[in-house]
Colleague: 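Please find one structure pasted underneath; my questions will follow.
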Amino acid sequence: MSELPYGIGEGPATRVSLSIPEGTAEAIRQRLGKREFSAFITGAVERELRGRILDEYLADYERRNGPVSEPERERARQIFDEVLAEEGGWPAAS
């Protein structure tokens, strides 16, 4: 895949069409209000992307080096968060 011009959470806002169950949409509106709806969805999507990036990395590591224990997996998540926070952001999803 080609390199994206922006990393996760970066760049100008863009409109997208999104379909979610009405009950889910109403629960978000009731808890956050209409103005925070997009920010909530954006945050949820970014967390999911970041989790998938880490899962992809760990799967690749395990293919090359063998299984990773649950304590090692949790430590990897902590290190991943710390390193990327220091760098000021997350890489673009590939």
Side-chain angles (χ1 to χ4, degrees):
M1 296 186 96
S2 64
E3 184 67 25
L4 298 174
Y6 303 108
I8 296 171
E10 298 176 336
T14 185
R15 288 191 172 272
V16 297
S17 175
L18 174 70
S19 297
I20 61 175
E22 181 58 36
T24 302
E26 189 55 34
I28 294 168
R29 285 185 205 104
Q30 286 180 359
R31 284 166 180 77
L32 303 173
K34 187 175 181 180
R35 291 185 181 265
E36 298 299 318
F37 193 97
S38 290
F40 180 82
I41 297 298
T42 298
V45 169
E46 288 176 5
R47 283 189 300 279
E48 178 67 19
L49 283 170
R50 290 170 180 149
R52 287 182 182 215
I53 290 169
L54 178 56
D55 290 344
E56 290 167 6
Y57 172 79
L58 288 172
D60 176 62
Y61 181 90
E62 286 182 320
R63 274 192 300 279
R64 292 180 287 117
N65 300 294
V68 175
S69 70
E70 193 53 42
E72 291 170 323
R73 191 173 288 273
E74 183 55 37
R75 181 65 183 134
R77 288 181 194 282
Q78 291 172 350
I79 291 169
F80 198 71
D81 285 343
E82 290 168 10
V83 168
L84 292 173
E86 289 172 7
E87 293 177 2
W90 286 78
S94 56

Colleague: Are any non-hydrogen side-chain atoms of Ile8 and Val45 less than 4.5 angstrom apart?
Modeller: no

Colleague: Please name the pair of heavy atoms, one in Gly11 and one in Tyr6, separated by the smallest distance, quoted to 0.1 Å.
Modeller: CA-CD2, 3.5 Å

Colleague: If I take atom CD1 from residue Ile20 and atom CZ from residue Phe37, how far apart are they, to the nearest 0.5 angstrom?
Modeller: 4.0 Å

Colleague: Tell me, which pairs form a salt bridge (charged side-chain N to carboxylate O under 4.0 Å, His left out) where one or both residues lie in residues 34-45, sequence neighbours left out?
Modeller: none

Colleague: Decide yes or no on side-chain contact (heavy atoms from CB on, under 4.5 Å) for Arg75 and Glu72, but give the supporting numbers first.
Modeller: CA-CA 5 Å; Arg75 181 65 183 134; Glu72 291 170 323; 5.6 Å; no

Colleague: Given 3.5 Å as the limit, does a donor-acceptor pair link the side chain of Thr42 with the main chain of Ser38, or not?
Modeller: yes

Colleague: In Å, rounded to the nearest 0.5 Å, how long is the span from CD1 of Ile41 to OG1 of Thr24?
Modeller: 8.5 Å

Colleague: How many angstroms lie between atom CG of Asn65 and atom CG of Asp60, to the nearest 0.5 angstrom?
Modeller: 8.5 Å

Colleague: Would you call Glu22 and Arg29 a salt bridge, taking side-chain N to carboxylate O under 4.0 Å as the test?
Modeller: yes

Colleague: So, Glu56 and Arg52, do they make that salt bridge, N to O below 4.0 Å?
Modeller: no

Colleague: Using a cut-off of 6.0 Å, state whether more than 12 heavy atoms not belonging to Arg31 lie near its atom CZ.
Modeller: no

Colleague: Counting N and O atoms only, with roles assigned by atom type, does the side chain of Glu62 sit under 3.5 Å from a partner on the main chain of Val68, one being a donor and the other an acceptor?
Modeller: yes

